[in-house]
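Protein chains get the first letters and strands the later ones, always in sequence-line order, with residue 1 at the start of each.
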Number of protein chains: 2
Amino acid sequence: MIDLHSGVPRHLQLAAQLRSRIIAGVYAPSDLLPSETRLSQEYGVGRGTVRRAVSLLRAEGLVDAASGRGTRVREPVELRRESVPRGAIIQARMPTPEERASLGIPEGVPVQVVTVGGRLRGVYPANQFELTTA
Amino acid sequence: MIDLHSGVPRHLQLAAQLRSRIIAGVYAPSDLLPSETRLSQEYGVGRGTVRRAVSLLRAEGLVDAASGRGTRVREPVELRRESVPRGAIIQARMPTPEERASLGIPEGVPVQVVTVGGRLRGVYPANQFELTTA
DNA sequence: AAATATTTGTCCGTATGTATC
DNA sequence: CGATACATACGGACAAATATT
């Protein structure tokens, strides 16, 4: 459960427990997590604390929440492999809000930017692509 | 300022304004942002809303906050260029908390993981390295 | 050196809105 | 329409780290 006096923030403790349950398959892909109110009661923490914990899992891409529907464990996605030419420069960073909107990138997912000779070659969301050198 | 009835969440409005001020150089690298209480008063929103806005900027790697000290605009750093061999696979992701601690990675900074033939070759914090194909 | 003030971090309770069932 | 569930937002309280006097 949650140790209220361990010094470790409760939302981190809760996030860790939910995370390990997801990885262990207790909550399997496409499963709904218990509602925020349920978690709040079961773990004896406020709902705000639950939301903070869940928001971490969302940022890690583990779950996906929607109003009215619940919070669902995300299906693992197959990564597409994209080949980059020799001499390319590959830089990772967090996407701008505009990139997130236009590319449909979820929270907490970085992008890899490929440039060749100073010219932009592509922006690859890390939840969809891995890069390989030609 | 903040439009309380535009339908756009206030923390997003505030984040957008702070973000554009940072990019415009109104808040320059190493500058402190106004304190959360100041921002809360100036923009007429609650402190929780301010914290949500700032936390977005932290996740984007734009600013860095510390207890007692304040929230500082991050310095852009010179990137070291690291060469990866042909056939390597480069995957970007957010670091685990353990990696952040051991590698000293600030918030909002992704890492690039290089594997060759399934064997791990290196983990490169994106605020220090850019990769190039050999 | 010590006390005080400032600033961020955590947590709670409550209220209201919006989407879904 | 009502019940459920997530989203936004406020206020208050206290702790922890840092800065200031």
Side-chain angles (χ1 to χ4, degrees), chain A residues 1-18 27 30-74 97 100-101 106-108, chain B residues 1-18 27 30-74 97 100-101 106-108:
Chain A
M1 283 298 186
I2 304 286
D3 184 346
L4 300 182
H5 304 91
S6 70
V8 180
R10 302 171 200 184
H11 66 276
L12 294 184
Q13 292 184 53
L14 177 52
Q17 294 197 21
L18 294 175
Y27 301 127
S30 87
D31 278 1
L32 283 177
L33 255 54
S35 77
E36 294 172 352
T37 335
R38 277 297 298 280
L39 290 173
S40 166
Q41 292 160 351
E42 288 180 3
Y43 285 89
V45 298
R47 199 189 140 210
T49 304
V50 172
R51 281 186 61 74
R52 267 189 93 173
V54 173
S55 111
L56 290 175
L57 304 183
R58 295 170 58 173
E60 294 167 19
L62 285 179
V63 301
D64 201 23
S67 196
R69 186 165 51 90
T71 301
R72 201 174 292 274
V73 178
R74 201 181 278 174
R100 283 194 42 210
E107 294 177 273
Chain B
M1 285 297 183
I2 304 283
D3 184 346
L4 300 182
H5 304 92
S6 70
V8 180
R10 300 172 202 181
H11 67 274
L12 294 183
Q13 293 185 52
L14 177 53
Q17 294 195 22
L18 294 175
Y27 301 127
S30 89
D31 279 0
L32 283 176
L33 257 53
S35 78
E36 295 172 352
T37 333
R38 278 295 300 279
L39 290 172
S40 166
Q41 292 162 351
E42 288 180 4
Y43 285 89
V45 297
R47 195 190 145 208
T49 304
V50 172
R51 281 185 63 74
R52 259 190 101 170
V54 173
S55 112
L56 290 175
L57 304 183
R58 295 169 60 171
E60 293 167 21
L62 285 178
V63 300
D64 201 24
S67 192
R69 190 162 48 89
T71 302
R72 201 174 293 272
V73 178
R74 199 177 282 170
R100 284 193 41 211
E107 287 183 283

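The backbone N or O of B:G108 lies less than 3.5 Å from no partner atom in the side chain of B:E60, so there is not a single donor-acceptor pair. For B:E107 (side chain) and B:G61 (main-chain N/O), no donor-acceptor pair under 3.5 Å exists by modelled atom type.
Salt-bridge annotation for B:R74 and B:D64: present, with a side-chain N of the basic residue lying under 4.0 Å from a carboxylate O of the acidic one.
Searching all strands for a Watson-Crick or G-U wobble partner of D:dG2 with both distances below 3.5 Å returns C:dC21.
Residue-level contact check: A:R58 touches the backbone only, with heavy atoms under 4.0 Å from sugar-phosphate atoms and none from bases.
Evaluation of the salt bridge (Lys or Arg N to Asp or Glu O under 4.0 Å) test over residues 40-57 of chain B, restricted to residues two or more places apart or in two chains, returns B:E36-B:R47, B:E36-B:R51, B:R38-B:E42.
For the side chain to side chain contact (heavy atoms under 4.5 Å, CB included) with B:R72, the lone residue among B:V63, B:D31, B:L32 that qualifies is B:L32.
Of the candidate nucleotides D:dA9, D:dC6, D:dA19, D:dA9 has the atom nearest to the side chain of B:H11.
Mapping A:G68 and B:G70 onto DNA chain C by nearest heavy atom places B:G70 closer to the 5' end of the strand.
Look at CG on A:L33: it is 16 Å from C1' on D:dT4, rounded to the nearest Å. A:E36 places its CD atom 6 Å from the P atom of D:dA7, with the value rounded to the nearest Å. If you measure from atom CZ of B:R10 to atom P of D:dT8, you get 12 Å, rounded to the nearest angstrom.
With rounding to the nearest 0.5 angstrom, the CG atom of A:L18 is 5.5 Å from the CG atom of A:L57.
The shortest side-chain heavy-atom distance between A:V50 and A:V45 falls under the 4.5 Å cut-off. Between B:L33 and B:Y27 the shortest side-chain heavy-atom distance falls below 4.5 Å.
Boundaries of the chain A contact region on DNA chain C are C:dT10 to C:dT20, first to last in 5' to 3' order (nucleotide atom under 4.0 Å from a heavy atom).
Only A:V45, A:G46, A:T49, A:R52, listed by number, bring a heavy atom of residues 41-57 of chain A to less than 4.0 angstrom from any atom of DNA chain C.
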